[in-house]
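Quick note on labels: first sequence line is chain A, next is B, and so on, each numbered from 1. Note that the coordinates shown come from a computational prediction; the quantities given were computed from them, not determined experimentally. Computed over heavy atoms, backbone and side chain alike; hydrogens, waters and symmetry mates excluded.
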Amino acid sequence: DTAVSQTPKYLVTQMGNDKSIKCEQNLGHDTMYWYKQDSKKFLKIMFSYNNKELIINETVPNRFSPKSPDKAHLNLHINSLELGDSAVYFCASSLDQGENIQYFGAGTRLSVL
Amino acid sequence: SQKIEQNSEALNIQEGKTATLTCNYTNYSPAYLQWYRQDPGRGPVFLLLIRENEKEKRKERLKVTFDTTLKQSLFHITASQPADSATYLCALEGNTPLVFGKGTRLSVIA
């Protein structure tokens with residue numbers, strides 16, 4: 001069983017569209033994250049949720065909206081997609097906020113045309 | 001602001017040699033530092049964590065050091081194998097849970 005799974009793996013879409021990426025973890029972790037890895041390979045945190053509550057919201061456009069229906073799921077919805085949104089998006093989870101060992105999903109490669 | 005530098009984008013070494021990767025940081029005193037491995041098309045995988053009061057940590061062929069005076073961590077892979085070829089990322093506890101470096105792409109040549 002995959003510990004952190006995200007779907008879809010690839011997403012190709014036109015500018016201006018709205019899309020969602022889903023993430024689920026079966027590790028029983030309390031904290032989940034969304035990261036963006038751009039073409040220069042920088043891995044940067046976007047959001048963090050602890051027990052369904054938003055605890056970190058880095059400087060991302062408000063076109064990006066995370067939603068956590070329960071602590072095992074953290075979905076990412078993106079409105080009005082732009083060319084600059086093209087990147088690989090990773091979901092991750094951690095057991096606690098102490099040492100924050102991250103367990104990552106396989107990533108979703110988003111291409112905005 | 002916090003800054004992390006992994007000062008080699010790419011490192012090529014011969015199979016059997018020891019690979020040494022460097023992670024430097026400025027403007028912060030992290031309580032711990034982590035190392036991850038990332039293969040193409042996959043998410044990073046956690047390898048080791050070292051705390052500020054630990055000088056060295058080992059796991060099989062991996063060794064990590066943490067020098068809080070130099071603000072530097074070294075990551076060593078001994079008896080390297082082609083299967084060790086990957087990108088290695090260091091990550092620091094920061095203002096956000098973790099701040100990642102850009103990574104060093106290691107190629108072990110048979």
- Query: Where does the angle between the aromatic ring planes of A:His29 and A:Tyr103 fall among parallel (under 30°), tilted (30 to 60°) and perpendicular (over 60°)?
  - Reply: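 Judged by the thresholds at 30° and 60°, the geometry between A:His29 and A:Tyr103 is tilted.
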- When you check the gap from the basic side-chain N to the acidic O, do A:Lys22 and A:Glu24 get nearer than 4.0 Å?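 A:Glu24 and A:Lys22: not salt-bridged.
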- Message: For the aromatic rings, using the six-membered ring if either is Trp, is the centroid distance between A:Phe64 and A:Phe47 under 6.0 Å?
- Response: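 No: the rings miss the under 6.0 Å criterion.
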- Item | A:Leu81 CG to A:Thr13 OG1 distance, which is reported to the nearest 0.5 Å |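 Spacing of CG (A:Leu81) from OG1 (A:Thr13) equals 6.0 Å.
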- Query: What part of B:Gln38 is in contact with chain A, defined as an atom under 4.5 angstrom from a non-hydrogen atom: side chain, backbone, both or neither?
  - Reply: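 The side chain, not the backbone.
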Per-residue contact mode, [X] against chain B (heavy atom under 4.5 angstrom):
X       : value
A:Tyr35 : side chain
A:Gln37 : side chain
A:Lys9  : side chain

- Between the side chain of A:Asn62 and the main-chain N/O of A:Ser65, is any donor-acceptor distance below 3.5 Å?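 No, the answer is negative, given that no donor and acceptor are paired below the 3.5 Å cut-off.
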- Message: For chain A, which candidate among B:Gly103, B:Gly43, B:Ala91, B:Pro44 shows the most heavy-atom pairs at distances under 4.5 Å?
- Response: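 Between B:Gly103, B:Gly43, B:Ala91, B:Pro44, the count favours B:Pro44.
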